[in-house]
Structures are given as structure tokens and as C-alpha cells.
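Below: the structure, in C-alpha cells.
As the structure is a prediction and not an experimental result, all values here were calculated from the model. Reckoned from all heavy atoms, side chains included, excluding hydrogens, waters and symmetry mates. Residue numbers start from 1 in every chain, and the chains themselves are labelled A, B, ... in the order their sequence lines are given, proteins ahead of strands.
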Protein chains: 2
Amino acid sequence: MQTHCVTALYDLAGLPGRPCTIAAALELVGERWSLLVVREVSLGNHRFSDIARGTGAPRDRLTARLNALVTAGVLERRQYSDSPPRSGYHLTPSGRDLLPVLQALLQWGDRWAAEEPPVRLTHAPGDSEEHTVDAEWVCRTCGEPVNSSRVERVLTPAGRALSGLPAEERHEH
Amino acid sequence: MQTHCVTALYDLAGLPGRPCTIAAALELVGERWSLLVVREVSLGNHRFSDIARGTGAPRDRLTARLNALVTAGVLERRQYSDSPPRSGYHLTPSGRDLLPVLQALLQWGDRWAAEEPPVRLTHAPGDSEEHTVDAEWVCRTCGEPVNSSRVERVLTPAGRALSGLPAEERHEH
DNA sequence: CGTCCTCGGTTCGACATCCCAACCGAGGAG
DNA sequence: CTCCTCGGTTGGGATGTCGAACCGAGGACG
């Protein structure tokens, strides 16, 4: 599996504020419509007009976002017809890795932004019964829910360099 | 536990595109700086100037975002000094529920938006060793990872009403 | 008292982005 | 030939964004 970005990594030093990959991520996919475009493509709508209808984005904004997401390495264009020449947009591995972000937003929106969710995710894996998906973040290493356990933030050498701290000996309080 | 929004639920019918709480969520916290403000507050920076420094947001934008997040019910103002009268911003339950969104963005950004992450999250729950957090979404009901299992989208009655007539949905392979 | 400082904003002007509606060119279909 | 769809582009007005300057309340210092 790819472990870092191939196409569009973001220079953390060029960002304002605390050096943090959340900010870098938002720089790539945080503009208006971007994540909804990813949602729409992940639902199987690969064509310009389907994405436009599904998201509700203005066509010129959609053009801009699609191009930005392609150069960010989140989407790729793929020709699906020679005549007339037509191409569709598909998720790259990096784009597929955004699905957890969408899952998190969906779950938050279901709970806090709508009276009654318009869509329910159901789940029938293996031999268990069909049921509504209610997901939580779990640490792959130890299996515990992430939020209920003690989590500490540690600056890496790269982070120390970016925040102007001496290379060794100094920790944040 | 609160199961829906108390202050600022978003009228899904007023949104363009597919009725979807991801869009509603982004309407509340998707503007520039909003999620970074939530990150900053969650790190313990409650004061205006600390949030400004931590996020790098212009002061007028920060004012706008803080007010929006307060009326959205994500943050609340709390007075921490009478003289001079000073108040800080704190996460509400709804704001705390955004942490999984930040976790998802962090993980994506670490992998796809930066060469070397500036911060590592470590985790030492219960009796296991300290290790780097690597989280995934797991279904609370059956315990299986959400992305690797069959998940289906089902329109609820509310969703059916909102979309008039449901279109057929294809899935990516 | 007067001057300085910090904190939490507000105001201003230049600029970028956004939205909508109209338009356009390539390529079928009839 | 005319019409249609698809995938955009273009123009103009509204809205959002930015950086820097300004402001008022309230200490702190002398």
C-alpha cells in the first residue's frame, strides 16, 4: 500500500498556523464541494453531469474542483468512450482513503445536523444479521476505541524543525 | 446521550444536490478555518489569540467562524475572568463529536498530504505497550471493519420524501 | 495622574472566489 | 438540416477572504 502521497504533497512550512496534516488535508480537499464530489464519485457517479446533479455544485465550480482533485491525486480521469470522446472521474487509492472522512462527517451530520437522516447504512457481513452501521474509530494495533483511551501527541523530528524548536530536548506543555 | 442537534439543525430540503447529512455537516463546519478552530480548541487553546496563532486564521475570519460555530452549537463561550471580562471557547458535546472527523483528516493527511508527519499520536491504553495510533472504522454491532464489508445505502422515509423519487444507485468496483 | 501594554475584537480596501445564467463546440439521432 | 446531449467556458454581480490598521476596555507601571 502507498504510504505517502505521490502527486501533490503539501509543504507544511508554507501553511499558516501550527504545522499539522489536518491543515494540509483541508488545503487539498477542504474547499467547497470537494468532499461532496468525492462522495458522489464513490457512489458510482463518474460523469460530469451526474456529479453536478448529485452535488448541486455550479458547473464552473465543479470544473475547478474536478481539476484540482485530479492534480491533488484524489481523482483520475478515465476515458469511457472514444466517439464521442467522453471521460469519467474515478477515485484513486488516495481518494478511496477519504471514505473514512466521509463516514465521520456522515455520522456527525446524522446526529447533529438533521432531525431525521435521509439515508441509513446497513451492513450484512459474513454470517451476521443485517443491521444499521454504527461505527467507531478503533486502534488497529490494540483494538481499543481511540477516543476512550489515553492518546498523546508527540512532535516528530520533522515537526520540531517546522515549529522552530531545537532539534532535541524540548517538549510541548 | 444527545441523539440529534439541539440548536442548529440544517434543513436538508434547502440544500442543493442529494439529500445527505454529509452536506449538512459541511454546511455547519465546512467553511474555511472552522475545523482548524475545533482542532485548536480541542488541544486546549480556548482564547481568541491562542486560536488565532494556532490556526493562522485572519482575526476577522476567526471572529466570524467562532460566532458561527457558537450558533451552530459546536462551541460555547465561557467566561473565565470577570475583570477584565474575558471569555474562552469550549467544545460542546456536538463539538467533541467532531473529533473523529479530525482524526480521519489527520490520518489521511499523514498518509497523502505530507512527506513526514509533524505529529505522531501515541496510545497506551490498559496493559498494552505504547504504540502509534492507526485507527479504522469498525461497526459497533458486528465488530467488522466498515470499509471491507458489504454496506448498503437505504433511503429512510424522510429521505424518500426529500428526493421525490429515488434514483437507482450504482456502486464502484 | 499619564503612558504603556494585552486582549478581543472591528474596520477598511484590495482581491479572490462563488454563483447563476447564458453560451459554445463536438458529436450523434432523426 | 435541425435538434439533442454532454462537457464544459464565459461574463458579471454578489459574497468571502486577507492583511494591516485601528479601537476600547482594562490592568501595570511610574
To the nearest 0.5 Å, atom CG of A/L162 lies from atom CD of B/E116 at 9.0 Å
Nt span of DNA chain D in reach of chain A heavy atoms at under 4.0 Å, 5' end first, is D/dC6 to D/dG11
Within the side chain of A/T55, is there an N or O that forms a donor-acceptor pair under 3.5 Å with the backbone of A/I51? yes
B/R65 atom CZ is separated from C/dT10 atom P, nearest whole Å, by 14 Å
In whole angstroms, the gap separating C1' of C/dT17 from CH2 of A/W33 amounts to 14 Å
5'-most contact on DNA chain C (nearest-nucleotide basis), A/P58 vs B/F48, goes to B/F48
TODO: For A/T63, answer base if it contacts any base atom (sugar-phosphate contacts may also be present), sugar-phosphate if it contacts only those atoms, and nothing otherwise; contact means non-hydrogen atoms under 4.0 Å.
DONE: base
To the nearest angstrom, the CZ-P distance between B/R86 and C/dG9 comes to 9 Å
Of A/D60 and B/L66, the one whose closest nucleotide on DNA chain C sits nearer the 5' end is B/L66
From CZ of A/R59 across to P of C/dC18 the rounded distance in Å is 17 Å
**Q.** Other residues, nucleotides, ligands: >12 heavy atoms within 6.0 Å of B/Q79 CD
**A.** yes
Original post:
For residues B/T92 and B/E76, is any side-chain donor paired with an opposing acceptor at under 3.5 Å?
Top reply: no
Any donor-acceptor pair under 3.5 Å linking the side-chain atoms of B/S87 with those of B/R77?
yes
Which of C/dG9, C/dC18, C/dG27 is nearest the side chain of B/Y89? It is C/dG9
For residues B/T132 and B/R120, is any side-chain donor paired with an opposing acceptor at under 3.5 Å? yes
